[in-house]
Amino acid sequence: MLTPEQQMHILESGTEAIVPRQALLDKLATGRPLRIKLGVDPTAPDLHLGHAVPLRKLRQFQDLGHTVVLIIGDFTALIGDPSGRSATRPPLTVEQIDENAQTYIAQAFRILDPVKTELRRNSDWLGPLGFAELLRLTSRFTVARILERDDFAKRYEEQRPISLHEFLYPVAQAYDSVVVEADVELGGTDQLFNLLAGRELMEKSGLEPQVCLTLPLLEGTDGVQKMSKSYGNAVGLTDAPDEMFGKLMSIPDALTAKYYRLATLLTVDELEAVEAEISTGSVHPGVQKRRLARLVVEVYHGPQAAIDAEAAFDRVFKRHEAPVDVPEIEVEAADPVHLPALLRELGLAPSNGEGRRLIDGGGVRIDGNPVAPGVYDLSWAAVSGHVVQAGKRHFARPVPRT
RNA sequence: GGGGGUGUGCCCGAGUGGCUAAAGGGGACGGGCUGUAAACCCGUUGGCUACGCCUACCCAGGUUCGAAUCCUGGCGCCCCCA
């Protein structure tokens, strides 16, 4: 059993803030297994590396003997997270939420230890909550207090709409903490307000308040915005190894250290070694990033897949060869073949027009040979069974439909 | 309940009757250079087998030879007053 200070050293790594820090030390000192809460809303079916950041932290708690309470926000998902931008999210049906929850759970247990995890759904207690009870809960918060929340304040300032029900989101999340009697709750930095609301409500409910632990938001592969599927900059946990490797290689250099810290399973000591290499420049950034990509692929697909993914990467991007397994796609045989339409059928272009643009931009190759701009018709023999390439990384092999 | 404002392409944002498939920027995509990084340079950015045709400026009607631009009704959003 590690001392509270030793545990703290591990738990603190890669965190943004622990509020209050001393309270966590005190809780650790009791020696009992702590209850660590994480709430996730199953609003999208796929998890990405950004979601994995708190999951990894949970795993660290588990490895130190603590209990994880993973709350599936099947009820709060109906409210919708009031995270600022484009509010027009199509309301999810109960079925969609259920389905999302299933994949969510499956993916989460790639990281978590099931034995030390308590899985709860907040519809269990939020669903039966009556209006009277809701009034009692909401009376514990003031409008001014809720408006302090960053994104509410910002939206209010920018004269963008805030629906009344969105105010209830932090209330619901806080109530979750009361129900599960959390010792610690995790969240991204943007969650600090909600976490603190839980702390307050617990205290007012006569419970020992939870400690709030926030983790940095992981930027997506564009290096600017936080990782999100809707920004198109996400690395999915279920992405194929090659895909995952490629995406990781494309992150900006400046993010390499952060990714090491938040997306790999290296120990605190190993991380410090890597960070030293990066800051002194003793190892080439490209090499660092390769290792990062390998490590991450390894977490989700195993060591062999990581080695294969790197080999495939070299083949396509270093030696500019086609990948080993170019997908064969059946198309209607025609002679001549209208190339823009073919690109669309092969899934290499969303429309014929886009296909045309790709050709004119010099981005289309057949067996590695560029197609000249303005050439839209080719003989069937020239394409059938050959490797058609759009851009640097999209390949397909047309074969006649049988 | 009353008053005012606003709604343009993926996003922001010009445009007040024909020269507008719609300026400019961002993003995205493609090419070059590279380490599939960044920076930089160039090109493309509604659909269509395409010197043409079709669809487009919140929606539905209308005026006009002609509308993103004018009129009527509706819808969304914002602000002020209550």
Side-chain angles (χ1 to χ4, degrees), chain A residues 84-90 154-164 166 219-225 228-235 239 241-260 278 281 283-294 297 309-323 331-332 334-345 347-365 368-380 383 388-395:
Chain A
R85 64 200 168 74
S86 72
T88 40
R89 183 203 301 263
K154 207 169 156 219
R155 282 161 73 184
Y156 194 69
E157 185 65 29
E158 288 171 359
Q159 310 186 338
R160 282 157 54 208
I162 303 171
S163 291
L164 189 55
E166 295 182 82
E219 289 86 350
T221 52
D222 59 359
V224 181
Q225 285 181 292
S228 161
K229 206 175 177 189
S230 51
Y231 294 145
N233 63 3
V235 181
D239 279 355
D242 292 3
E243 185 73 10
M244 196 179 255
F245 194 97
K247 284 182 180 176
L248 289 163
M249 285 303 287
S250 76
I251 64 168
D253 286 359
L255 242 51
T256 308
K258 192 165 181 181
Y259 267 64
Y260 262 102
I278 288 173
V283 178
H284 189 279
V287 175
Q288 289 287 10
K289 216 185 281 180
R290 270 171 183 276
R291 178 163 172 240
L292 168 72
R294 255 190 339 258
V297 173
E310 185 171 23
F313 176 85
D314 283 345
R315 180 178 169 83
V316 175
F317 297 107
K318 252 181 126 172
R319 302 200 296 277
H320 304 289
E321 295 166 16
V331 296
E332 213 60 58
D335 205 357
V337 178
H338 188 58
L339 198 47
L342 179 69
L343 292 170
R344 184 173 47 71
E345 284 184 72
L348 299 176
S351 70
N352 294 10
E354 186 63 37
R356 220 165 247 265
R357 274 174 228 128
L358 276 168
I359 295 165
D360 290 341
V364 175
R365 291 162 198 269
N369 305 311
V371 173
V375 175
Y376 303 134
D377 293 295
L378 292 172
S379 71
W380 172 251
V383 297
V388 179
Q389 177 182 1
K392 283 179 184 153
R393 47 183 299 194
H394 301 291
F395 301 86

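In what follows, chains are A, B, ... by sequence order, proteins preceding strands, each numbered from 1. Keep in mind the model is a prediction, meaning the values are calculated, not measured.
In terms of phosphate contacts, A/Asn352 brings a side-chain nitrogen or oxygen within less than 4.0 Å of OP1 or OP2 of B/U49. Between B/G47 and A/Arg357, a contact under 4.0 Å exists linking OP1 or OP2 to a side-chain N or O. Phosphate proximity of B/C48 to A/Ser351: present, with a side-chain N or O under 4.0 Å from OP1 or OP2.
Residue A/Pro285 is classed as a base contact, given a heavy-atom separation below 4.0 Å to a base. Within the 4.0 angstrom heavy-atom criterion, no nucleotide atom of any strand lies near A/Asp222. Among the protein residues, A/Tyr376 comes within range of no part of the nucleic acid, since none of its heavy atoms lies under 4.0 Å from any strand. Residue contacts shown for A/Ile251 are limited to sugar-phosphate atoms, with no base heavy atom under 4.0 Å away. Using a 4.0 Å heavy-atom cutoff across all strands shown, A/Gly362 reaches sugar-phosphate atoms only and no base atom.
Pair assignment for B/A37: none, as no Watson-Crick or G-U wobble contacts are both less than 3.5 Å. The partner of B/A28, taking Watson-Crick or G-U wobble pairs whose two distances both stay under 3.5 Å, is B/U44. The base-pairing partner of B/U16, taking Watson-Crick or G-U wobble contacts with both distances under 3.5 Å, does not exist among the strands shown. Judged by Watson-Crick or G-U wobble contacts below 3.5 Å, the nucleotide B/U6 has B/G76 as its partner. Pairing for B/G66 is absent, judged as Watson-Crick or G-U wobble with the two contacts each under 3.5 Å.
Comparing atom distances between the A/Lys392 side chain and each of B/G30, B/C33, B/A50 picks out B/C33 as nearest. Here B/G32 is the nucleotide among B/G47, B/G32, B/A50 with the atom lying nearest to any side-chain atom of A/Arg365.
Two residues are said to be in side-chain contact when any heavy atoms from C-beta on lie closer than 4.5 Å; A/His338 and A/Asp377 meet this criterion. Side-chain atoms of A/Glu243 and A/Arg393, non-hydrogen and from C-beta on, do get closer than 4.5 Å to each other. Here the side chains of A/Arg291 and A/Val287 are not in contact, with every heavy-atom distance at 4.5 Å or above. The shortest distance between side-chain heavy atoms of A/Leu248 and A/Lys289 does not fall below 4.5 Å.
Rounded to an integer number of Å, the gap from CD of A/Glu354 to P of B/C29 is 10 Å. Separating the CG atom of A/Leu292 from the C1' atom of B/A37 is a distance of 12 Å, rounded to the nearest angstrom. Atom-to-atom, CG of A/Asp360 to P of B/U44 comes out at 10 Å; the value is rounded to the nearest Å. Following rounding to the nearest Å, A/Glu219 (CD) and B/A38 (C1') show an atom-to-atom distance of 15 Å. When rounded to the nearest whole Å, the span between CG of A/Asp335 and P of B/U49 equals 18 Å.
Between the side chain of A/Asp253 and the base of B/G35, a donor-acceptor pair under 3.5 Å is found.
Cation-pi geometry between A/Arg356 and A/Tyr376 is satisfied (NZ or CZ under 6.0 Å from the ring centre, within 45° of the ring normal).
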